[in-house]
Amino acid sequence: MTVKLASHQAGAFGFNGWSVVLAGLLTASFALLSPHALSAARAEAPQPVRGGVLRFLVEHEPSTLVTIAHTAGPTQRVSPKVTEGLLTYDLDFKPRPALASEWSVSPDGLSYTFKLRQGVKWHDGKDFTAADVAYSIKLLKEHHPRGRGTFASVTAVETPDPATAIIRLSKPAPYLLTALDANESPIVAKHIYEGTDPLTNKNGSAPIGTGPFIFKEWVRGSHIILDRNPDYWDTGKPYLDRVVVRFIADQSARSAAFETGELDLAGGPPVPYADLARVSALPGLGVEKHGYEYAGRMTQLYFNFERPILQDRRVRLAIAHAIDQQKLLDVVYFGYGKVAPSVVSPNLKAFFDPSIEPYGYDLKAANRLLDEAGYPRKADGTRFPLRLYANPFNTQASGDFIKQSLARVGIPVDFQFFDFSTYIQKTYTGRDFDLTLESLQNLFDPTLGVQRTLWSSNFRVGLPFSNASHYSNPDVDRLLEAAAVEADLQKRRQLWFAFQKIVYEDVAALGLIATDGVTIFNRKVKNHTIGVTGVDASFADIYIEK
Amino acid sequence: MRRLPRILKAVRRTALQAVPTVIGIVILNFFLLRLTPGDAADVLAGEAGAATVETLSALKAKFGLDLPVLQQLGGYLHNLAHFSLGVSPRYNQPVAALIAARLPNTLSLMGSALALALLLGITLGAIMASFAGRPADRALSVLSLLFYSIPSFWIGLMFIVLFSVKLGWLPSGGAETIGAGLTGWGAFVDRARYQVLPALSLALFYVAIYARLTRGDMLEVKAQDHVRTARAKGLPPLAVTRDHVLRNALIPVTTMAGIHLAGLMGGAVVVETVFSWPGLGRLAYEAVMGRDFHVLLGILLLSSLLVVVVNAAVDILQAWLDPRIEVR
């Protein structure tokens, strides 16, 4: 385990009279209590072995290898191996030290102080200092698609000495401490980025970081090779000699590559849900569902509130009653996931309101509601048509399922399924849909992941993953805005609970399924999932059993 | 040797015709691509999973996607006039470099597939023609019909299942053993092992066509007077078949092969995807999905040049095969 802090450091770190020191013993004791950590500890019990090459699959080729100004999934898989973050998070979302060895938050939530690890060097031999942290946060604030939001209230990053960075905020940003993972907020070298455009900086295709692996080569269309960093600050790690990252675009070819033993590890699921049972039954392979909590995957149904029919709550409720969520989960997702009663993923335990129950599959109620709303069945048995789009990250089958479900209550659905770019354009710019089956991650915090689709100020035509519903509810807006700046965790939780109740009552959107990510691994590969970012982690701890 | 100046003349003529053709193709492609919904910035912002208006407009401005269409076209043609294919917004690399890195892989895949198709196709066709109407002909006809109708992605997957998964003889994908650092003969053998299955999957469809074509033409040629003469003067049957029948029957096959080279490029998209082959086809596919139009225009431009060059080469080849055909 990487928790190495001594308790005496906590006292030395007093700040503003009262400080929240989250590292050290606290983390360690939580880690011991948590069941995940227990199983992780069991898995770690044998002595790690040095050596070996890990053949790691990333489904699609990334377009850049650093997440400093880019957040696409493939990049997030590769970036943290070379470029680290200030913190990392265990399977219970507890922060753990990475480049920052200690940290504290002032009680007003306006200052974050990070004590940085000493003696860390960039892969080009230069020293890592607080100036790099300050510069990286500036880059994230100015260029990172989500960082613009996460770090929006950052007024300054002070560096009183090379080993300390203090982030000052104009208002609290309670999600900040969970946003510092390597794949979300990477720390890059100031001397490489200064004076350049981060989007075109060559570091994106040949990164220099502080991480356990040193970038060696990227053969476009084929693979990336990352070699062991012999001078890694966590002495003894990484255990692997090399990581070979391969890209295989075709799903069936990925199954084949696992069957032939050409791959050791992949996140995703890398193969279709339908193939998972077969592939995971192969001798020597295992599956892991943890390690996707940081993404908070969800499949949701959004209504277009500009359509008069859908402005009627009874119609929306009828649609909710017409969809059998459990069946959707079993048939389309092969059971890989959880039914989501609310728009907040049940996996985001800190914010999900467990008292909310799914609307329930009830065709009688659905038909009655539609009749009451003034849309009786016509002679041909239909009431009114609706047009459905689906984000291609949901399979086509999910859209077909909704289509068939709604047909049962007399709503013929014109389901249109496009490639990703067409979908984005049609949904967020063209807006010619009635329903859209989205696949919007909740991320590690609902202020970043959930607020965007239901906050009226985020109705922005042309902006992907904005409030395409054009939902507008002053109560919801008020709660979202309050939760975004509430520093107290309990109060913040209550605000999110209140939000979920209103959204549920109003049937503003349907959270259908919290889908599981699935990692497939060779059983000889150990420690592949030790935190909420799963295979998006640094791989410093992975070793291959002989 | 009267033919050489004629050939040179033909090359010059083709080159002159190629320029306006290619410019036409570029402009047409440019507007066709505008018809697809979404652009590179939309996709990048979409892939990010979250974006702000600032991110999106910054991306659009950076890639020049906020400019009027004609201005974008002008900029692209200006680049072309300076022998630059532009820069890919998605990969943040010059398009020429991206294409150059992939081109050898695709050319070797297409070349080996075409060679394999011609070799197998003509051999099968010759056998079928020699045994026309007999069981061997019937059996091979059925086989070629199968090759013709099976989609290449499916046959590719079946090859993987049989030769990689079940038998373990050949690798299931990729172009070489990654990080093996092989050189010389070892590297060649290694690459050849990776190339067998994709080349074969790509070739089978064309094997069927060439076999049928060769068979039909050979039967037609067989009935002609010069073949009867050759037989009458006592040439052995194999020599008659090889020098008098097959050679004359090859004209339509070479014509088709020329046309097929462009088709092979299309087939390569599918086969390269199935076999994770790092070639142009997959680059083109990813460029479409990412709306990376500079890359796509570059590939289309290259393909059109390829078609022009191959057509010219086929003209010349035919003049060699049949001296009666004039090189224009």
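Below, read A as the first sequence line, B as the second, and so on, with proteins coming before strands; counting in each chain starts at 1.
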message: Taking every non-hydrogen pair under 4.5 Å, which of Ile424(A), Thr260(A), Thr75(A) racks up the most with chain B?
response: Thr260(A)
- prompt: Where on Arg148(A) is there a heavy atom nearer than 4.5 Å to chain B: the side chain, the backbone, both, or neither?
  reply: side chain
field: Part of Glu286(B) within contact of chain A (heavy atom distance under 4.5 Å)
entry: side chain
message: Whether the Asn105(B) and Arg282(B) side chains hold a donor-acceptor pair (N or O, under 3.5 Å, no angle test) is what I'd like checked.
response: no
- prompt: Which bit of Asp197(A) is near chain B, if near means a heavy-atom gap under 4.5 Å: side chain, backbone, both or neither?
  reply: side chain
field: Heavy-atom proximity to chain B below 4.5 Å, by part of Arg254(A)
entry: neither
query: Which bit of Arg90(B) comes within less than 4.5 Å of chain A, counting heavy atoms only: side chain, backbone, both or neither?
result: both
For residues 287-294 of chain B, dump all side-chain donor-acceptor pairs below 3.5 Å to protein atoms at least two apart in sequence or in another chain.
from	atom 1	to	atom 2	distance (Å)
Arg291(B)	NE	Pro37(B)	O	2.8
Arg291(B)	NH1	Asp419(A)	OD2	3.3
Arg291(B)	NH1	Ser421(A)	OG	3.3
Arg291(B)	NH1	Val288(B)	O	2.7
Arg291(B)	NH2	Asp419(A)	OD1	3.4
Arg291(B)	NH2	Asp419(A)	OD2	3.2
Arg291(B)	NH2	Thr422(A)	OG1	2.7
Arg291(B)	NH2	Pro37(B)	O	3.3
Asp292(B)	OD2	Ser88(B)	OG	2.6
His294(B)	ND1	Val87(B)	O	3.0

- line: Bottom line for Phe418(A): the part with an atom under 4.5 Å from chain B's heavy atoms is neither
message: Strictly below 4.0 Å, N to O, side chains only: are Arg55(A) and Asp264(A) in salt-bridge contact?
response: yes
- prompt: Could you go step by step and tell me if Arg431(A) and Lys426(A) meet the side chain to side chain contact (heavy atoms under 4.5 Å, CB included) rule?
  reply: CA-CA 6 Å; Arg431(A) 301 182 42 74; Lys426(A) 289 244 180 201; over 6 Å; no
message: By the definition side chain to side chain contact (heavy atoms under 4.5 Å, CB included), identify the one residue from Ile225(A), Val66(A), Ile224(A) that meets it with Phe215(A).
response: Ile224(A)
- request: Examine whether an atom of Gln441(A) lies under 4.5 Å from a heavy atom of chain B, and if so say whether it belongs to the side chain, the backbone or both; otherwise answer neither.
  value: neither
field: For chain A, the option from Leu98(B), Thr273(B), Ile178(B), Leu283(B) that forms the most heavy-atom pairs under 4.5 Å
entry: Ile178(B)
message: Given 3.5 Å as the limit, does a donor-acceptor pair link the side chain of Ser201(B) with the main chain of Ser152(B), or not?
response: no
task: Give the minimum heavy-atom separation between Ala266(A) and Phe56(A), together with the two atoms involved.
output: CA-CE1, 4.3 Å
